[in-house]
Chemist: 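Here it is: the structure, laid out below.
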Amino acid sequence: MLQLEKIGRRYPGVVALDGVDFSLDPGEVVGLIGENGAGKSTLMKILGGIIPPSEGTIRLDGVAHAALSVTEATRAGIAFVHQELEVFDNLDVAANVFIGREPCGFGPLRLIRTRELERRVQPLLDRLGADFGPRTPVADLSIAQRQMVEIAKALSIDARVIIMDEPTSSLTLSETDRLLRIIAELKASGVAVIYISHRLAEVKQCADRVVCLRDGRVAGELGRDAIEHAAMIRLMIGRDLRSLYIPPRTPPREEGCVIRDVVPAAMPEAHVSLTVRKGEILGLAGLVGAGRTSLARALFGVDPLRGGTIALHGTPVRIRSPREAIAHGLYLVPEDRKREGLVLNLPLTQNVTLPNLRAFARRLLVDRHAETACFTRERTRLGIRAADGSVPAVTLSGGNQQKIVLAKWLSMRPRMIIFDEPTRGIDVGAKEEIYRLMRDLADAGVTILMISSDMEEVLGVSDRIAVMHAGRVTGVLERPDFSELNVLRLAIGEAAEAA
């Protein structure tokens, strides 16, 4: 049904794709894997008509095309679920799902038939098990719910091919299971799916075949019987990876951050009390809506506090803004790096130095040489893949954008860092680097609070695990009591079982 032949894509100074061959049959699920920057999203953007290839041929049902437009791709039945959410906050769910394809009435005004629009959208939401309706404003939805809107949008056309780029990066376990069931239903009805994910367990569960890209080229392919975690990692990084997780040392007892009866304004029903030790990684688990991100934003001063106290390394602190949090050495790596962690149109160097600009000022003028030296140092430290510091942040892959967010805080002197979903949409190689960096920071005495919805990550990285339910901490697990069952019990408000 689909063939990509010798596809190449070049940018100034960068070869994103180099002679890539790719094929797809009706009703086939192909897992597309590779590290960030390997070319996966670029290849799919070419297929979706978002960008043209520099060379190569696209064949649809045997008909050759030098390039596709978005309109041509849509007419051919190619739907795209993007990794970075492409939704309009100022519209409701129904308008987002059928944007540009709204049912309209007759007459000179051709007004949108809103009831017909909602009637078409509701079955899609029911199919996905969504807990919101067609008239819900997208601005009121969480990231996980916005991801569901993207998937509904893809299902709303009579698709022959659905490209899913990290579709579960913000979904809960139950939402992920539901999506995998939907993929099986699509496959049974003859719809082909290209599934891009760094969650290799999901790839193994749903894919008929796996294709791996590395440095813009096809590194190899695995048939159904050969799809194993270790085999996929070998294709992605060219070597075996013994373990993603660095064993924690014995957790210290000195208090790093003490939170008492904190009430975030965004969640007034919450009352959070928690102690994070100096030099440990405390994992914060819980279901979507438990209040983890609300707590992180309140601690960093993004949202105000309605009550409670915060002490950092034994000293009471009052944080009313991010500026005050930064002054106390408390930093946040946000869940949504594009909207809250970066200024996408600014160069990488300025993104890194922006929170600490006074340190680079000389008589009210910014010392660009000092800025460049700082960026170069952090680029080497974190392995950031970029031509130089002058390129805008928007041009980087998701993993490298996350490293830029980390670089701006590490260039200063952190006392405490809150990581909110630190490896969302990041490949296995970059995950290992970030886990090692977190462990190094903890060993250096930095207090780390890690919020994650990835159960394997929480169990593997944390020294202790705190679990939230309905705005309260329902329990804190020591390593002997770590288990998926105990975390889930606490996440739904039940008691954990002793080891």
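As a basis for the values below, the full set of heavy atoms in this structure was taken, side chains included, without hydrogen atoms, waters or symmetry mates. If you read the sequence from its start, that first residue is 1, and numbering goes on from there.
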Chemist: Taking side-chain contact (heavy atoms from CB on, under 4.5 Å) as the test, write out the residues that go with Ile157, two or more places apart.
Modeler: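 Thr74, Ala79, Arg101, Ala159.
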Chemist: Please report the interatomic distance CG(Asp165) to CE(Met44), rounded to the nearest 0.5 Å.
Modeler: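 It is 9.0 Å, given to the nearest 0.5 Å.
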Chemist: Which residue, Leu348, Ile404, Ile384, forms the side-chain contact (heavy atoms from CB on, under 4.5 Å) with Arg379?
Modeler: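 That would be Ile384.
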Chemist: Has the side chain of Ser54 got a donor or acceptor atom that lies under 3.5 Å from a matching backbone atom of Arg10?
Modeler: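 Looks like yes, one N/O pair under 3.5 Å.
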Chemist: With under 30° as parallel and over 60° as perpendicular, where do the rings of Phe300 and Trp409 fit, or are they tilted in between?
Modeler: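 The rings of Phe300 and Trp409 stand perpendicular, inter-plane angle above 60°.
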Chemist: Is any NZ, NE, NH1 or NH2 atom of the basic residue among Asp208 and Arg224 found under 4.0 Å from an Asp or Glu carboxylate oxygen of the other?
Modeler: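 Result for this pair is no, no salt bridge flagged.
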Chemist: Quick check for you: to the nearest 0.5 Å, what is the distance between Arg277 atom CZ and Leu282 atom CG?
Modeler: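 CG of Leu282 is found 9.0 Å from CZ of Arg277.
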Chemist: Go through the steps to decide whether Asp21 and Gln3 satisfy the test side-chain hydrogen bond (donor to acceptor under 3.5 Å, both in side chains), and finish with yes or no.
Modeler: CA-CA 7 Å; Asp21 293 325; Gln3 284 183 306; over 6 Å; no
Chemist: Would the number of heavy atoms belonging to other residues, nucleotides or ligands and lying under 6.0 Å from CZ of Arg217 be above 12?
Modeler: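 No, not enclosed.
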Chemist: Taking side chain to side chain donor-acceptor pair (under 3.5 Å) as the test, write out the residues that go with Asp440, two or more places apart.
Modeler: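 Side chain to side chain donor-acceptor pair (under 3.5 Å) check on Asp440 returns nothing, list empty.
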Chemist: Is the closest basic N to carboxylate O distance between Arg339 and Asp89 below 4.0 Å?
Modeler: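 Salt bridge between Arg339 and Asp89, a charged N being under 4.0 Å from a carboxylate O: yes.
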Chemist: Donor-acceptor check, side chain of Lys408 to backbone of Gly341, threshold 3.5 angstrom: yes or no?
Modeler: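 Yes; judged by distance alone, with no hydrogens or angles, the pair exists.
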